[in-house]
Amino acid sequence: MSAPAGVLPAARPAQVTAPVVVADRLGGYAHLVIADPVLAQALPGQFVAVAVGDRQSSMLLRRAFSVHRADPAAGTLEVVVAAHGAGTAWIAGRRAGDELDVVGPLGTRFVLPPAGGRVVLVGGGYGSAPFAWTAQAAVAAGVRVDAVVGAGDADRLCDVDGVRAVVGAAGGQVLVTTDDGSAGEPGRVTDALARLLEEPVPTTVAACGPMAMLAAVARTAAAAQERTGAPVDVQVAVEEAMACGIGICMTCVLPVRGADGATRMVRACTDGPVIDAAAVRWDCVGAHGASVPADAVGAPEGGAA
Amino acid sequence: MSAPAGVLPAARPAQVTAPVVVADRLGGYAHLVIADPVLAQALPGQFVAVAVGDRQSSMLLRRAFSVHRADPAAGTLEVVVAAHGAGTAWIAGRRAGDELDVVGPLGTRFVLPPAGGRVVLVGGGYGSAPFAWTAQAAVAAGVRVDAVVGAGDADRLCDVDGVRAVVGAAGGQVLVTTDDGSAGEPGRVTDALARLLEEPVPTTVAACGPMAMLAAVARTAAAAQERTGAPVDVQVAVEEAMACGIGICMTCVLPVRGADGATRMVRACTDGPVIDAAAVRWDCVGAHGASVPADAVGAPEGGAA
Amino acid sequence: MSAPAAASVGGATAPDPAAAVDMSVRLTAPAGTVDLAAGVLTASGCAAAGRELDPYLDLTTLGGVVTKTIMRGARSGRPTPRMAETPSGMLNSIGLQGPGIAHFLAHDLPWVAERGARAVVSVAGEDVEEFVDIARTLRAATSDDGPLGRPGTDGGVLAAVEVNISCPNVANRGLVFACDPGSAAEVVAAVRAATDPRVPVLAKLSPDVTDIVAIARSVLAAGADGLVMVNTLLGVAIDVDRGAPVLSRVTGGLSGPAIRPVAVRCVWQVTAAMRAGLLPTVPVVGVGGVRTGRDAAELVLAGASAVQVGTVTFGDPGAPARVRDELAAVVRHHGLGSLAGLVGRAHDAVRDGGHP
Amino acid sequence: MSAPAAASVGGATAPDPAAAVDMSVRLTAPAGTVDLAAGVLTASGCAAAGRELDPYLDLTTLGGVVTKTIMRGARSGRPTPRMAETPSGMLNSIGLQGPGIAHFLAHDLPWVAERGARAVVSVAGEDVEEFVDIARTLRAATSDDGPLGRPGTDGGVLAAVEVNISCPNVANRGLVFACDPGSAAEVVAAVRAATDPRVPVLAKLSPDVTDIVAIARSVLAAGADGLVMVNTLLGVAIDVDRGAPVLSRVTGGLSGPAIRPVAVRCVWQVTAAMRAGLLPTVPVVGVGGVRTGRDAAELVLAGASAVQVGTVTFGDPGAPARVRDELAAVVRHHGLGSLAGLVGRAHDAVRDGGHP
Ligand SMILES: Cc1cc2nc3c(=O)[nH]c(=O)nc-3n(C[C@H](O)[C@H](O)[C@H](O)COP(=O)(O)OP(=O)(O)OC[C@H]3O[C@@H](n4cnc5c(N)ncnc54)[C@H](O)[C@@H]3O)c2cc1C
Ligand SMILES: Cc1cc2nc3c(=O)[nH]c(=O)nc-3n(C[C@H](O)[C@H](O)[C@H](O)COP(=O)(O)OP(=O)(O)OC[C@H]3O[C@@H](n4cnc5c(N)ncnc54)[C@H](O)[C@@H]3O)c2cc1C
Ligand SMILES: Cc1cc2nc3c(=O)[nH]c(=O)nc-3n(C[C@H](O)[C@H](O)[C@H](O)COP(=O)(O)O)c2cc1C
Ligand SMILES: Cc1cc2nc3c(=O)[nH]c(=O)nc-3n(C[C@H](O)[C@H](O)[C@H](O)COP(=O)(O)O)c2cc1C
Ligand code: FES
Ligand code: FES
């Protein structure tokens, strides 16, 4: 993917020790504002990798977070953290004044359509974290924006207000869904997405959330395209368990078809996290990991290593 | 050792989570006041074992600290911490309001002479931490107290003012020594101790500090006893690397002669830390550990395992 | 399986969080079965003979106290330093310090009996004769009419004998029984023959071997009624300031959470071989790096019928009882009523294609 | 030893903290010697082929980039999950994913050369023929007049070949070369024969063996010019919530600070055998759990001439260069002018009775 006009090329990543300048809550999530000029160059869709604890920590590996927002003028980068296991619990517990060891900005970014185009943002859980900011960029670039923000329940909805403020102000729709109906309409993000894709205009869908959701978004978009005939280009920000985040460990791979049509196990951290959904081999991506397609380059004879 | 009249028997130890109510400095050391009713039962000479970090900590073992002071009425226990390695650095970094996981009170205590007797307290480095409090107990019990407080340099002297306040008020002498002469008189605690033992009265010496110092104190006392004819009973609070502090691991042993005259490798955490210096096999105690005397019970044939 | 353990033992005032779960585990001997109150025990060398832990937990809520390995005579052990802290672990080099079997039977085991707890007695020797001697002495002291009660079946203090063939600290011309299938089998057969047939004999294995399944096979053929895996890994730490080894005798045993993946792997490999019919099926006791009930559950899901909590007890003396309660919570979380139901489930998940 | 490395490499603007210390290390091949700028390298599989680390450190300050093990053809590797974090460590199960030797020579090695860094190329095969094939291809690509410069002696990009006989992930009928002295020797002899005689061949050993000295003896007899110790330990982690193994293929390699005591022990045992004349003396490269310069110093004091930094790089991409500087500080702290002076000092301390 090449940078569209007006978008800066991705900054060369750095490893920095940076202060947390604000630590508060964003709904059910911890929200951290980190001050660093390099991190502040991040672009929508990119992520940062945060170290846990000090040099005596028993947790050696970084935790990855999508960039919620980056502001090169202010020199800040923001993340939204769900305290899940011990590492994210530690990160979510940081207070203003603490320092964090962060590597970033990392990975690929969302590529918006040219001015006059349309983008639909689809976020599940903390997957919607980057979308208020992404929407801002889109609006600034003259792109029309709609959004779907979903989660399992109301507590896990992320930044609905932020997305609404930007998208609503620009005249776009924001649909909210929860699986259990505790907020917004009951159901899946894909139900809402399908409605937004009924309109027969070329659309870019930018989606971020659990793998199963991303697969469903890809299917929904394909079905809509078939139905309306208008091209729907889907970019998904994938989440694979990552040991390094910088391309040296090969733990984060998933099967993706290349320009040559051949499937390879590519690194989600360097070839992603934003990947063209049409290239992903969804048939081999499951809830707990990805298998190696039998026709992948270098797949073991018989298909299973 | 049995409890002298008026001294409570040692409390049954407990594992507690207790708040730090004061965290400040005592000279070059961190000083923590911990609130807990069980810990507050500790007696002079005993120690507590403090856990490092949370359940994700890479440091599994507790750190041992002599009790600086315990106050059953106030429900508090105090320790003085030298930030040495990573574990003590973490403990020294606690602030008021933080919680600590502490096991105690642990080990044996100093046994003071009966009223009218004399005690000389000898502390090296943080070894003098318990002595202002010990002196208070002695004064209250009608025991005459003198003290030697020493260290390598002025920065490592511990609680000279506290010891002076108690011992001086009671009319006793407090001699201060540093190896480099940066405070008090230049020289070793044993030089000062030798002077205090010139007086031919039965004396109990209570000493706490590095092993080499304790051995020298024992030698100095024996020489004084020989010279003056007055008995000098030496109790040393030993410091052996401890994995558990409660008697289950057998890492903290040192060779000590028993009532039956036989030498055994006894646990510094349960048979100590306060041990009768005359029973310690100083010939087998070095700066970096203790060897097994060839005549110890169960020593391997040939003397070396 | 016996009746729910939590209902029958302990007298805690707080409601027992494990109340609804049957945490018991059954061991089998040639002439009887032994039901332990819970599938969580202490580990040898990490609880002395139980007494020192009494202030911190209720020993009767555990499956038993696995005693520090006892030898025939008194042993002074090694010089100090005997320990080094390492990342998420530690090295130890105690050299099997202990008072000898006679003192142990006179002073230590009676305390466990009086407390109402059970003991798994760990034994070792420098040669086969010493192993046999200790086993015989132990058998004589726990006869049906002795003060320590009937061994094994009838709930006497002696729940099992653990044969420590894997201690890397024993100076046996540099060799460790557990590293050679032949001598491992010889020792286990001799101890089994010298032990009351109602008392299970468990063989404790070392992970420091090329093929742990081969060692397991040979000790099972020799009559072991169960396996305990794993003992420590051989390690070295250097004191960088002094430029010398930390431990007085250079090498020591590595333990703690650092080694848990190795312990889980050994349990997995051996129980996989049992499931494949390549080894006779006996209970496996998992040990290595258990800090929480979830850690214990890893060993159980990998095939262990019970677990031991070792090194972590040094930093957290209440750990074995806490781990028991936390493990019970995992059992409940899986919708199961007994610990036995959790045993080996991860093998089933793989067999059932529970993987991408 | 060559001239002080710090003076001759790198162009850092800050004063080089290692400036006063000769951090270099010399390897020897049958027909030449190779001087590495520093006795600190990356570890295979933990730095790809170097390029991805370029934003975080100056690769030319290191002794070299040890490349991800390369095989003959492209390999897709294993399904995911391929990793599990464990206490002070991690498990990995990559399955030697890689583009194959041709792609590597066309795209990866030239980048290292262009960057002015050195490479130690790690190679593996499923059988001896594959090993030989790769070694031959590598030799052909690094001929004296080739674009990659003269190998070995003359400072070309290829500093050494590391033979990965110890990867527990390679499916070779369940067997691992490194666990059998015979097949380990066969592979090393074959690679040595197929490699330019000016290029040192290092054999990388697995710690998962009963007797690592025996394995070292056999690969040294087969012509290894140096040893690399250790590769990962075999481990398993269970996802307690799912009741299934975390890794898609159940077992993985355990690495990180958790295993450092095992790595130090292996280095100690093998170099002790060299000092006792039981093994020929060659350089040993220590790897396993290095997080700081003090950790590296443990391996060096135990006998390693150089160290590799692996897993820790994932959490701290600048680690290899930082470790190099911190190790230099330890050398200085010991009053020494060169890393070589620190090598094996802990053995001397024991010999000189530096112990209680
Ligand atoms: C590109 C990307 C963007 C992400 N953005 C966000 C975000 O904005 N907010 C947020 O709260 N979370 C985000 N996550 C998920 C977050 O990284 C994981 O929840 C976190 O790593 C889990 O760490 P833990 O300590 O809670 O759990 P543990 O289970 O202790 O983690 C153990 C190890 O597994 C890895 N791991 C486990 N789960 C995941 C996962 N889902 N993704 C990646 N690595 C994992 C961890 O990095 C760690 O190395 C993102 C993940 C990726 C890959
Ligand atoms: C009975 C007793 C009383 C003590 N009182 C005090 C006190 O009042 N104030 C104070 O600052 N220090 C005291 N110490 C020393 C203190 O326990 C050690 O400095 C501390 O354990 C070292 O931990 P670390 O994290 O700094 O070092 P590390 O080197 O990281 O410790 C590693 C491991 O070795 C053990 N260890 C290392 N050195 C010692 C040692 N000297 N003694 C015991 N264990 C050791 C630690 O417990 C830990 O398990 C006392 C020690 C003992 C045994
Ligand atoms: C200090 C110490 C002493 C030990 N002593 C013995 C012993 O006497 N006999 C034995 O079989 N195992 C002994 N072990 C090994 C433990 O029982 C256990 O197998 C090992 O430590 C792994 O478990 P852990 O990680 O829970 O400690 C000892 C371990 C430690 C740490
Ligand atoms: C993700 C990962 C991949 C690895 N891949 C290889 C490999 O391809 N070849 C190899 O010889 N070693 C490989 N190793 C082992 C390391 O090179 C090293 O021997 C081991 O991890 C111990 O060092 P450490 O604790 O510093 O990581 C790998 C290790 C990790 C963590
Ligand atoms: S996370 Fe390491 S290569 Fe992607
Ligand atoms: S420190 Fe464990 S027995 Fe003394």
Side-chain angles (χ1 to χ4, degrees), chain C residues 79-81 84 86-89 91 179-180 207-211 233-245 248-252 254 256-269 289 291 294-295 297-299 301-302 330 333-334 342 345-346 348-350 354-356, chain D residues 79-81 84 86-89 91 179-180 207-211 233-245 248-252 254 256-262 264-269 272 289 291 294-295 297-299 301-302 330 333-334 342 345-346 348-350 354-356:
Chain C
T80 62
T86 66
S88 298
L91 291 171
C179 290
D180 173 52
D208 283 331
V209 294
T210 309
D211 183 358
L233 278 76
L234 197 64
V236 168
I238 305 288
D239 180 330
V240 172
D241 294 320
R242 292 173 51 229
S248 65
R249 289 292 180 262
V250 184
T251 57
L254 180 64
I259 71 164
R260 194 175 62 235
V262 174
V264 176
R265 183 263 297 176
C266 290
V267 169
W268 178 278
Q269 288 181 320
R291 191 167 194 170
R294 290 177 71 86
D295 301 342
E298 285 202 50
L299 288 162
L301 287 160
V330 174
H333 179 81
H334 275 263
L342 202 66
R345 280 214 158 192
D348 303 333
V350 171
H355 257 287
Chain D
T80 63
T86 67
S88 297
L91 291 171
C179 291
D180 173 53
D208 282 332
V209 295
T210 309
D211 183 357
L233 279 74
L234 197 64
V236 168
I238 306 289
D239 180 329
V240 172
D241 293 321
R242 291 175 50 231
S248 67
R249 289 293 178 261
V250 184
T251 60
L254 180 65
I259 72 163
R260 194 174 64 235
V262 173
V264 176
R265 184 262 299 178
C266 290
V267 169
W268 179 277
Q269 287 181 321
R291 189 166 196 170
R294 291 177 69 87
D295 300 341
E298 285 202 50
L299 288 162
L301 287 160
V330 173
H333 178 83
H334 276 263
L342 201 66
R345 279 215 159 193
D348 303 335
V350 171
H355 257 284

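Naming convention: chains lettered A, B, ... in sequence-line order (proteins, then strands); numbering from 1 in each chain. Scope of the values below: all heavy atoms of this structure, side chains included, with no hydrogens, waters or symmetry mates.
In this structure, OG1 on C/T251 lies 9.5 Å from CH2 on D/W268, to the nearest 0.5 angstrom. Atom CD1 of C/I238 sits about 12.0 Å away from atom CZ of D/R294, to the nearest 0.5 Å. Put simply, CD1 on C/I259 and OG on D/S88 are 13.0 Å apart, with the number rounded to the nearest 0.5 Å. For the atom pair C/D180 CG and D/D211 CG, the distance stands at 12.0 Å (nearest 0.5 Å).
With a 4.5 Å cut-off on non-hydrogen atoms, C/V262 touches chain D through its backbone and its side chain both. Looking at C/D241, both its backbone and its side chain come within 4.5 Å of chain D, counting heavy atoms on both sides. Both the backbone and the side chain of D/V209 come within less than 4.5 Å of a heavy atom of chain C.
Per-residue heavy-atom pair counts under 4.5 Å with chain C were compared for D/P87, D/G243, D/A258, and the maximum is reached by D/P87. Counting heavy-atom pairs closer than 4.5 Å to chain D, the top-ranked of the candidates C/R345, C/Q269, C/R260 is C/R260. Most heavy-atom pairs under 4.5 Å with chain D, from the set C/C179, C/G256, C/P261, C/A237: that is C/P261. The candidate from D/D239, D/V264, D/V267 with the greatest count of non-hydrogen atom pairs under 4.5 Å with chain C is D/V264.
Contact detail for D/P245 and C/A346: the closest heavy-atom pair is CD-O, 3.8 Å. Between C/H334 and D/R242 the shortest heavy-atom distance is CE1-C, 4.5 Å.
Between D/R265 and C/L91 the shortest side-chain heavy-atom distance does not fall below 4.5 Å.
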